[in-house]
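Take a look at the structure set out below.
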2 protein chains.
Amino acid sequence: MALSDKVTSFDIAALAGVSQPTVSRALRGDKTVSAATRLRIEAIARQLNYKVDRAASSLRKGEARTLALLFFEDPLPDDSHINPFFLSMLGSILKTCALRGYDLLTSFQQLSADWHVDYADSRKADGLILLGYGDWQLYRARVEQLVGQKTRFVRYGSVAASGGLGTVIGCDNRAGGAAVGRHLIERRRRRVAFVGEASDHYPEFRDRYRGLADALREAGLAADPGLHVDALSSEQAGYEATQRLIARGIGFDSLFAASDLIALGALRALDEAGLVVPRAVSVVGFDDIPAASLTRPPLTTVAQDYARAGAVLVDTLVRQIAGEATDHLTLPATLVVRAST
Amino acid sequence: MALSDKVTSFDIAALAGVSQPTVSRALRGDKTVSAATRLRIEAIARQLNYKVDRAASSLRKGEARTLALLFFEDPLPDDSHINPFFLSMLGSILKTCALRGYDLLTSFQQLSADWHVDYADSRKADGLILLGYGDWQLYRARVEQLVGQKTRFVRYGSVAASGGLGTVIGCDNRAGGAAVGRHLIERRRRRVAFVGEASDHYPEFRDRYRGLADALREAGLAADPGLHVDALSSEQAGYEATQRLIARGIGFDSLFAASDLIALGALRALDEAGLVVPRAVSVVGFDDIPAASLTRPPLTTVAQDYARAGAVLVDTLVRQIAGEATDHLTLPATLVVRAST
DNA sequence: CGGCGCTGTGAATACGTATGCCCTGCGCTG
DNA sequence: CAGCGCAGGGCATACGTATTCACAGCGCCG
């Protein structure tokens with residue numbers, strides 16, 4: 001609206017011949033306002049294109065009717081690129097927010113930054129959604145502070161490693177990893193390389209690795225530490241890690257990348273090394289990002305239900321804001337078999 | 001922060017032994033506050049983890065220090081999926097917003113909805129960024145209303161077809177289309193099919209088609225209307241349109257898809273029809289979405305500089321909010337040759 | 001040595017909404 | 001017919017900040 005002619009509830013009141021509080025009550029649907037009066041007020045409000053001033057309303061009510069979405073990740077060189085898996089959730093998060101009557105503030109931060117304090121303290125948002133892969137040491141400290149501040153928040157991550165810190169929504173990483181392992185064994189693969197941090201750095205990745213180990217054990221095999229290379233979650237990291245893996249000269253017939261981004265890098269490294277997928281090496285990723293179906297060959301991977309995840313994140317946070325106690329939730333992880341295995 | 005113990009500027013004032021206005025002045029860096037007082041206040045504020053209440057500040061100052069990002073698109077069946085090209089801008093938009101001290105409200109709407117009125121009138125945001133491909137008839141009406149309301153906004157689109165409505169940032173679609181045409185002609189292609197709306201529906205697509213026609217004309221060729229099929233901007237639409245094109249039985253040796261999403265669908269349709277890319281048909285897209293380098297074969301396309309676009313959109317809007325008059329800006333479009341041609 | 005201007009701060013207030021409390025009138029009951 | 005209850009709506013106020021104005025003290029110049 002033009003800055004000059006801001007329409008307020010007083011303007012409506014004057015035109016309707018009532019007081020300002022009556023306008024406020026009428027528009028919020030308060031039953032103490034007679035239907036006739038309410039209709040009259042609503043008509044005038046519509047005509048003047050009146051909208052409740054959000055700042056004034058927030059100030060008075062002490063709530064922002066806004067959630068904050070925080071993407072974060074480890075400090076990486078290639079900035080301003082958000083992990084496509086988390087980006088995929090954005091659509092359903094936005095949709096669910098709209099459904100619940102909340103706006104969404106979005107931000108993208110390095111995990112090392114001080115994002116954790118700002119939003120709740122300044123009352124910009126009533127709650128936080130945390131989305132990202134990052135160093136658990138750093139992440140944990142931030143999350144602890146949120147808990148200490150009594151900030152309402154939900155995060156997507158490893159339910160198994162929640163550490164009692166807040167409410168966690170996540171997929172069943174361990175079962176997903178096990179499904180990958182069983183699938184590779186079915187395909188007569190015995191020497192499975194794992195590319196990705198399997199330490200505490202990313203609890204999700206560690207769970208996936210454990211799932212793989214579970215499946216190998218079931219089949220009477222053991223995970224060979226020589227076939228594990230660390231990698232952060234990026235295409236470049238996956239590429240470099242796979243090069244290191246190949247350079248070791250330890251034979252492997254299949255490769256489980258802890259995320260699809262890593263898998264993309266692995267495919268590139270294998271291609272450059274002349275290792276044909278899936279003939280020489282079967283490759284499996286995790287996440288089922290949109291790109292996974294487009295690689296050469298299309299990538300077998302584990303799908304997380306990001307649409308449902310987004311909706312659940314929002315709904316859980318909203319319930320928390322309403323004062324309910326909320327529980328963790330583990331969503332299924334589904335193996336999607338494509339031509340890379 | 002816990003709801004119970006909200007820290008206000010009065011608390012700081014009491015501890016510092018000054019009045020509330022002095023706290024406000026000190027924290028905003030007003031020079032009338034002595035350095036000693038300011039340092040004392042800052043120390044206490046930090047210690048109490050005080051943050052300026054956004055709602056109160058907005059109400060008093062009449063500005064939200066917030067921009068609203070609106071993704072929109074034609075009503076399509078597969079909802080909650082945002083066009084990857086526009087999604088790619090999100091990172092640089094977020095980064096630039098942070099740099100300029102603005103928060104970003106994000107929303108995803110069908111073009112037919114009434115998104116255009118809410119944000120500015122309710123003072124939720126100081127300005128709007130419009131991102132999407134949509135029916136120009138509908139879009140134009142919305143944009144006109146924004147202009148009528150004197151809302152500050154910028155949009156990404158066709159500068160050529162700006163219609164004098166607001167400030168438009170866009171890439172040089174016509175030059176990009178011409179580059180595609182020349183490239184195909186260099187590759188000895190003469191019968192270029194165009195898949196995508198070339199009418200007023202999407203002005204960007206029309207510009208691309210005109211660029212193609214420019215290049216054909218330069219080479220003494222004419223665009224064959226029989227080789228043009230309409231398609232909205234989605235993979236599915238591209239797939240179906242390409243099937244229709246093939247069914248026509250009019251020979252073509254190359255295909256220019258008005259967007260990469262359409263190109264993805266075209267590749268699928270060509271593959272199913274047994275037409276080998278690029279041997280039988282060269283394929284070119286537009287946008288250079290992340291997926292473009294992953295298709296089989298990797299897609300030749302026209303890259304838009306989305307990182308720069310995002311930054312320019314924010315900066316332009318910020319200048320507009322500051323009261324400056326802002327101009328359209330056309331960014332370069334760069335042909336990226338890959339294996340599909 | 002008195003007044004003037006400057007520096008630093010306090011007092012008062014406005015931003016627009018939402019809500020607790022009070023008041024008025026009308027209908028109904030005893 | 002008096003009193004009571006309730007529906008409908010007005011009055012006053014609070015939310016926390018930022019700004020305008022007023023004012024006190026001090027140094028300095030004439």
Side-chain angles (χ1 to χ4, degrees), chain A residues 1-42 44-45 48-66 101 120-124 126, chain B residues 1-42 44-45 48-66 101 120-124 126:
Chain A
M1 204 49 156
L3 305 167
S4 43
D5 52 353
K6 168 86 180 165
V7 181
T8 73
S9 50
F10 284 96
D11 300 328
I12 312 286
L15 286 170
V18 297
S19 68
Q20 177 271 331
T22 300
V23 173
S24 174
R25 280 189 276 254
L27 296 177
R28 326 210 82 252
D30 189 315
K31 279 146 288 173
T32 71
V33 177
S34 72
T37 309
R38 179 167 46 75
L39 290 174
R40 189 156 33 98
I41 288 174
E42 284 172 349
I44 297 174
L48 294 195
N49 205 15
Y50 168 79
K51 300 280 183 246
V52 172
D53 183 295
R54 195 54 164 275
S57 177
S58 288
L59 177 59
R60 174 64 231 241
K61 298 211 288 184
E63 64 170 35
R65 273 271 141 186
T66 299
D121 285 341
S122 65
R123 288 240 183 106
K124 288 196 278 196
D126 303 320
Chain B
M1 203 46 150
L3 303 168
S4 42
D5 52 354
K6 167 88 179 161
V7 180
T8 74
S9 50
F10 284 96
D11 301 328
I12 313 285
L15 286 170
V18 296
S19 68
Q20 176 271 330
T22 299
V23 173
S24 175
R25 280 190 279 252
L27 296 178
R28 326 210 83 252
D30 189 313
K31 280 146 289 172
T32 71
V33 177
S34 71
T37 309
R38 179 166 45 75
L39 290 174
R40 189 156 36 99
I41 290 173
E42 283 172 350
I44 296 173
L48 294 194
N49 205 15
Y50 169 78
K51 299 281 182 243
V52 172
D53 184 297
R54 194 52 163 276
S57 177
S58 288
L59 176 58
R60 173 63 232 244
K61 298 211 288 183
E63 64 169 36
R65 273 273 143 184
T66 298
D121 284 342
S122 64
R123 289 242 183 104
K124 287 195 278 197
D126 302 319

Would you give the length of the straight line joining atom [atom1] of [X] to atom [atom2] of [Y], rounded to the nearest 0.5 angstrom?
X       : Y       : atom1 : atom2 : result
B:Lys31 : B:Arg25 : NZ    : CZ    : 13.5 Å
B:Arg28 : B:Arg38 : CZ    : CZ    : 14.0 Å
B:Leu48 : B:Asp11 : CG    : CG    : 7.0 Å

Donor-acceptor pair, side chain of B:Arg123 and main chain of A:Asp53, under 3.5 angstrom: no
B:Lys124 backbone acceptor or donor facing A:Arg54 side chain under 3.5 Å: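 Looks like no, no N/O pair under 3.5 Å.
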Identify whether any heavy atom of [X] sits under 4.0 Å from a base atom; if not, whether one sits that close to sugar-phosphate; answer base, sugar-phosphate or nothing.
X       : answer
A:Val23 : nothing
A:Thr37 : sugar-phosphate
B:Thr8  : sugar-phosphate

Length of the line joining [X]:[atom1] and [N]:[atom2], which is rounded to integer Å:
X        : N      : atom1 : atom2 : result
A:Ile41  : D:dG8  : CD1   : P     : 13 Å
B:Lys6   : D:dA14 : NZ    : C1'   : 15 Å
B:Leu27  : D:dT17 : CG    : P     : 9 Å
A:Arg40  : D:dG9  : CZ    : P     : 8 Å
A:Arg123 : D:dC15 : CZ    : C1'   : 8 Å
B:Ile12  : D:dA18 : CD1   : P     : 13 Å
B:Asp30  : C:dT9  : CG    : P     : 11 Å
B:Asp53  : D:dA14 : CG    : C1'   : 13 Å

Closest non-hydrogen atom pair between [X] and [Y], with its separation:
X       : Y       : answer
B:Leu27 : B:Tyr50 : CD1-CE2, 3.5 Å
A:Ala64 : A:Ser58 : CA-OG, 3.6 Å
B:Gln20 : B:Ala13 : N-CB, 3.6 Å

Contact under 4.0 Å: B:Ser9 side-chain N or O vs D:dT17 OP1/OP2: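 B:Ser9 to D:dT17 OP1/OP2: side-chain N or O found under 4.0 Å.
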Given DNA chain C, 5'-ward residue of the pair B:Leu59 and B:Val18, judged by closest heavy atom: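 Nearest-nucleotide comparison on DNA chain C picks B:Val18.
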Taking only nitrogen or oxygen atoms into account, show me every contact under 3.5 Å that the protein makes with nucleotides 18-24 of chain C, one pair per line with its distance.
residue	atom	partner	partner atom	Å
C:dA18	OP1	A:Arg28	NE	3.4
C:dA18	OP1	A:Ser57	OG	3.2
C:dA18	OP2	A:Ser24	OG	3.0
C:dA18	N7	A:Gln20	NE2	3.3
C:dA18	N6	A:Gln20	OE1	3.1
C:dA18	N3	A:Arg60	NH1	2.2
C:dT19	O4'	A:Arg60	NH2	3.3
C:dG20	O6	A:Arg25	NH1	3.1

Bend angle of the helix from C:dC1-D:dG30 to C:dG30-D:dC1, end axes from five pairs each (to 10°):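 The angle separating the two end axes equals 60°.
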Side-chain heavy atoms of B:Ile41 within contact of B:Thr22, under 4.5 Å: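 In short, these two side chains touch, coming nearer than 4.5 Å.
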